[in-house]
Amino acid sequence: FHKRGLALHGNRLYLGTSDVHVVALDVATGEVVWDTTVGDFRRREGLNGGPLVARGKVMVGTTGTGVAAKFGGPQIVGLDEATGAIAWRLGTIAKPGEPGGESWNGIAFEQRSGASIWTPGSYDPQTGLAYFGTGNTYDTVGLRDPVKANALTNDALYLDSTLAINPETGRLAWYFQHQANGQWDL
């Protein structure tokens, strides 16, 4: 996997690894301060985008294809900056029964794919929000032809979206889907 960034904050350097860990290093000594597993590479989960540090949290988005969807799909994970403990996880694929859950054309949650985080997020101190962008889907067949059923769409939230997140809680403040039905790889 490619690595697209590191985060330097205070006296620590934060980075993601190919085996889906986030590591904090002391910048003066190079010693590991903490090392936290945030996913499982054997389930095809990965870390490509670098971490973002804001409001006491180290945030990083995961990638995942195929079997990873069966385990909850890609996520944005918030870690305690001091200890590395996982504070929260926010899935980037809408689940049935949640807002946007009906936007996946009737596809079972375990079969939904995409919405990986490929790049680091950014933080706006004026709004107090962190912003992450999600990718497209990996499997277009289930989204191609709209199912004719009440309340179902094939928009597929949160593909191709900007997600605005409260760093302290991991709650989604708002989202904007740049392209509904993200099967076009744009």
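Keep in mind the model is a prediction, meaning the values are calculated, not measured.
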Can you check side-chain contact (heavy atoms from CB on, under 4.5 Å) on Met59 and Val77, steps first, answer last? CA-CA 6 Å; Met59 296 165 278; Val77 183; over 6 Å; no
Parallel, tilted or perpendicular, as decided by the 30° and 60° cut-offs, for the rings of Trp174 and Tyr131: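 It falls in the tilted class, 30° to 60°.
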Transitively linked via ILVMFWY side-chain contacts under 4.5 Å: [X] with [Y]?
X: Ile107; Y: Leu159; value: yes
X: Leu13; Y: Val23; value: yes
X: Phe109; Y: Leu157; value: no
X: Leu6; Y: Val27; value: yes
X: Val22; Y: Leu8; value: no

Would you say the side chain of [Y] lies within less than 4.5 Å of the side chain of [X], judging by non-hydrogen atoms?
X: Arg12; Y: Val33; value: yes
X: Leu52; Y: Val58; value: no
X: Asp80; Y: Trp34; value: no
X: Asn150; Y: Leu152; value: no
X: Thr63; Y: Trp118; value: yes
X: Val38; Y: Leu47; value: yes
X: Thr37; Y: Val20; value: no
X: Ile76; Y: Arg89; value: no

Sidechain-backbone polar pair: [X] side chain, [Y] backbone, donor-acceptor under 3.5 Å:
X: Thr92; Y: Ala115; value: yes
X: Asn154; Y: Leu143; value: yes
X: Arg112; Y: Ala94; value: yes
X: Glu45; Y: Thr62; value: no
X: Asp26; Y: Glu31; value: no
X: Thr127; Y: Leu129; value: yes
X: Arg55; Y: Gly128; value: yes
X: Asp124; Y: Gln126; value: yes
X: Ser161; Y: Thr134; value: no
X: Thr83; Y: Ala85; value: yes

Set of residues satisfying ring pair (Phe, Tyr, Trp, His ring centres under 6.0 Å) with respect to Tyr123, sequence neighbours excluded: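 By the ring pair (Phe, Tyr, Trp, His ring centres under 6.0 Å) rule, Tyr123 matches no residue at all.
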His9: what forms a ring pair (Phe, Tyr, Trp, His ring centres under 6.0 Å) with it, not counting sequence neighbours?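 So His9 forms no ring pair (Phe, Tyr, Trp, His ring centres under 6.0 Å) with any residue.
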Nearest heavy atoms of [X] and [Y], plus distance in Å:
X: Ser113; Y: Asp139; answer: OG-N, 3.4 Å
X: Pro74; Y: Gly64; answer: CG-N, 4.0 Å
X: Ala87; Y: Lys57; answer: CB-CE, 3.5 Å
X: Asn136; Y: Asp160; answer: N-OD1, 3.4 Å

Measuring from [X]:[atom1] to [Y]:[atom2], what's the distance to the nearest 0.5 Å?
X: Leu15; Y: His21; atom1: CG; atom2: NE2; answer: 11.5 Å
X: Gln177; Y: Tyr175; atom1: CD; atom2: OH; answer: 7.0 Å
X: Arg4; Y: Asn48; atom1: CZ; atom2: CG; answer: 5.0 Å
X: Leu163; Y: Ile117; atom1: CG; atom2: CD1; answer: 6.0 Å

Applying side chain to side chain contact (heavy atoms under 4.5 Å, CB included), can you list everything that pairs with Ala7, at least two apart in sequence or on another chain?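 Here the qualifying residues are Tyr14, Pro51, Val53.
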What do the steps show when you test Tyr158 against Leu172 for side-chain contact (heavy atoms from CB on, under 4.5 Å), and what is the final call? CA-CA 11 Å; Tyr158 297 96; Leu172 182 65; 3.9 Å; yes
Among side-chain atoms of Thr162 and His178, is any donor-acceptor pair under 3.5 angstrom?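 The answer is yes; a qualifying pair exists.
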For Thr153 and Ser103, test the side chains for any donor-to-acceptor distance below 3.5 angstrom and give the result as yes or no.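 Ser103 and Thr153 do not have a side-chain donor-acceptor pair below 3.5 Å.
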May I have the step-by-step check of side chain to side chain donor-acceptor pair (under 3.5 Å) for Asp19 and Thr17, ending in yes or no? CA-CA 5 Å; Asp19 59 352; Thr17 67; 2.4 Å; yes
Could you walk me through whether Trp88 and Asn166 pass side-chain contact (heavy atoms from CB on, under 4.5 Å), step by step? CA-CA 11 Å; Trp88 51 262; Asn166 179 323; over 6 Å; no
